[in-house]
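Ligands are counted one by one from 1 in listed order, and the atoms in each one are counted from 1 as well. Positions are given from 1, in the same order as the sequence printed here. Side chains are part of it too, since the values below use all heavy atoms of this structure and drop only hydrogens, waters and symmetry mates.
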Amino acid sequence: MIAPVLPTYARAKVSFERGEGVRVFTPEGESYLDFGAGVAVTSCGHCHPHLVAALTEQASKIWHTSNLYQMPGQERLAQRLIDASFAETVFFTNSGAEALECSIKMARKYHAAQGHPEKYRLITFEGAFHGRTLATIAAGGQAKYLEGFGPKVEGFDQVPFGDHEALKMAIGPETAGILIEPVQGEGGIRPVPPQCLKGLRELCDAHGILLVFDEVQCGIGRTGKLFAHEWAGIAPDIMAIAKGIGGGFPLGACLATEKAAVGMTAGTHGSTFGGNPLATAVGNAVLDVVLEPGFLESVQQRALTLKQKLAGLKDTHPTIIDDIRGFGLMMGIKCKVPNTAFQAAAFDQHLMTIGAGDNVVRLLPPLVVTDADITEAVDKLDRACRALEAKAAA
Ligand SMILES: *Cc1c(COP(=O)(O)O)cnc(C)c1O
């Protein structure tokens, strides 16, 4: 008999009824250190008092009005994202995939508005993940997500990650732009080097095509800057965000320059829930935390601690850990054992992690993580590695 909830997830047999900061608690009162943050979502930790206050205060005023009316909270959040980024305009969504849908539609519409509707194709990269809608599985190009769901949505040309020649060859008269995650998340924590992001910007400018970033996972302070691409000193034309901006409340956005958004006039796109008063109250509260002076610098410091300790862990356990990747609080452990076994061993130590492609385990702690939390997490990982070594020896 089919489960009441459509069985598309392989869920662990555990639930959590309460969270506080970097910790979550089972109904039995057992505590776990959360270094997954619900896949980079609970950016401010669980039940951050400022977010709880913002949500409950808004909940007692008004929840939803639809985008048929003015929404001061939404306008405020848009203006703050604009002030803190390259963007000049923002469309709000409920998820990352929808933020990508808007980004893809906008890139196509830009060229259509210039009289070039034939320019609708986006170049994407192997290992990419952009969501689970029909267009975003086509953009991601992963066979396991496409299979059985009918013809792949047209208009995506995938090139190998880091293959500059293939990329240049892929640009043709129908190319609308390049879509890329500045740091691949699901693909296994693969950062795009800053000089390559710069190269992409130059390539797009040279061809009159748009640069579209997917910062759904790496954005909102995850790498120690508000947006990961800031490390490269360049900016995209369009960018999708989600995950961290809602801090746990479903919220995403498509940020763009005025130029890139030229075709997106009244009636061209919409969302019933997107950017509703509850969501944007929380989004504004997240920005209060993340944009507080010194916060991102403290993320950078914590990140350094984490990276150093993980490097030490790799040296201590060369038969378990192959490599440490990533930067900021977006780290990947490439395993020599199956990543699922590594994750299970960490979970036995009450440490939550997230799997990824390329046999990687992701560490994506809330941005409010402390050095003491990091020490505790790495101790747990050390014990997990020792348990795996003992198992291999037995
Ligand atoms: C999670 C993710 C998405 C999809 O977001 P959803 O909210 O699950 O639709 C898209 N791109 C990247 C890089 C992501 O990590």
Side-chain angles (χ1 to χ4, degrees), residues 6 8-9 11 36-43 91-107 122 124-142 144-146 149 153 156 158 161 177-192 197 211-223 226-229 236 238-255 271 273-276 279 282-283 286 325-332 353-358 360-365 367:
L6 192 72
T8 59
Y9 300 106
R11 294 177 199 270
V39 197
V41 165
T42 47
S43 47
F91 180 88
F92 290 102
T93 69
N94 313 288
S95 67
E98 288 170 286
L100 264 303
E101 288 278 341
C102 181
S103 304
I104 294 162
K105 286 175 75 175
M106 187 186 286
L122 287 172
T124 63
F125 295 83
E126 269 172 25
F129 182 82
H130 299 299
R132 298 293 202 106
T133 60
L134 287 169
T136 55
I137 55 175
Q142 294 205 44
K144 64 177 176 182
Y145 296 145
L146 285 160
F149 294 120
V153 170
F156 298 96
Q158 196 154 68
F161 188 84
I178 297 173
L179 167 60
I180 191 166
E181 296 156 83
V183 186
Q184 272 192 359
E186 312 283 322
I189 309 292
R190 293 200 291 179
V192 180
L197 289 177
L211 183 57
V212 185
F213 284 161
D214 178 347
E215 291 223 19
V216 168
Q217 193 163 152
C218 61
I220 310 297
R222 179 71 27 210
T223 67
L226 188 59
F227 299 113
H229 68 262
I238 302 172
M239 178 171 73
I241 64 169
K243 295 197 165 103
I245 183 64
F249 200 95
L251 175 64
C254 170
L255 282 62
S271 168
F273 291 120
N276 92 356
V282 180
V286 167
R325 303 166 165 183
F327 64 109
L329 293 174
M330 189 171 184
M331 298 301 295
T353 61
I354 309 276
D358 204 22
V360 165
V361 171
R362 276 178 283 179
L363 301 179
L364 307 161
L367 306 180

Practice prompt. Please state whether the rings of His229 and Phe213 are parallel, tilted or perpendicular, taking 30° and 60° as the class boundaries.
Written response: tilted

Discussion item. Would you compute the distance between atom CD1 of Ile189 and atom CZ of Phe327 and round it to the nearest 0.5 angstrom?
Written reply: 10.0 Å

Discussion item. Measuring from atom CG of Asp358 to atom CZ of Arg325, what distance do you get when rounded to the nearest 0.5 angstrom?
Written reply: 4.5 Å

Discussion item. Looking at Thr133 and Ala97, would you say the former's side chain and the latter's main chain have a donor-acceptor pair under 3.5 Å?
Written reply: no

Worksheet entry | Short N-O contact, Glu186 and Arg362, less than 4.0 angstrom | yes

Worksheet item: Can you pull the residues with any heavy atom under 4.0 Å from ligand 1?
Response: Ser95, Gly96, Ala97, Phe129, His130, Gly131, Glu181, Asp214, Val216, Gln217, Lys243

Worksheet item: Just wondering, are more than 12 heavy atoms of other shown residues or ligands nearer than 6.0 Å to OH in Tyr145?
Response: yes

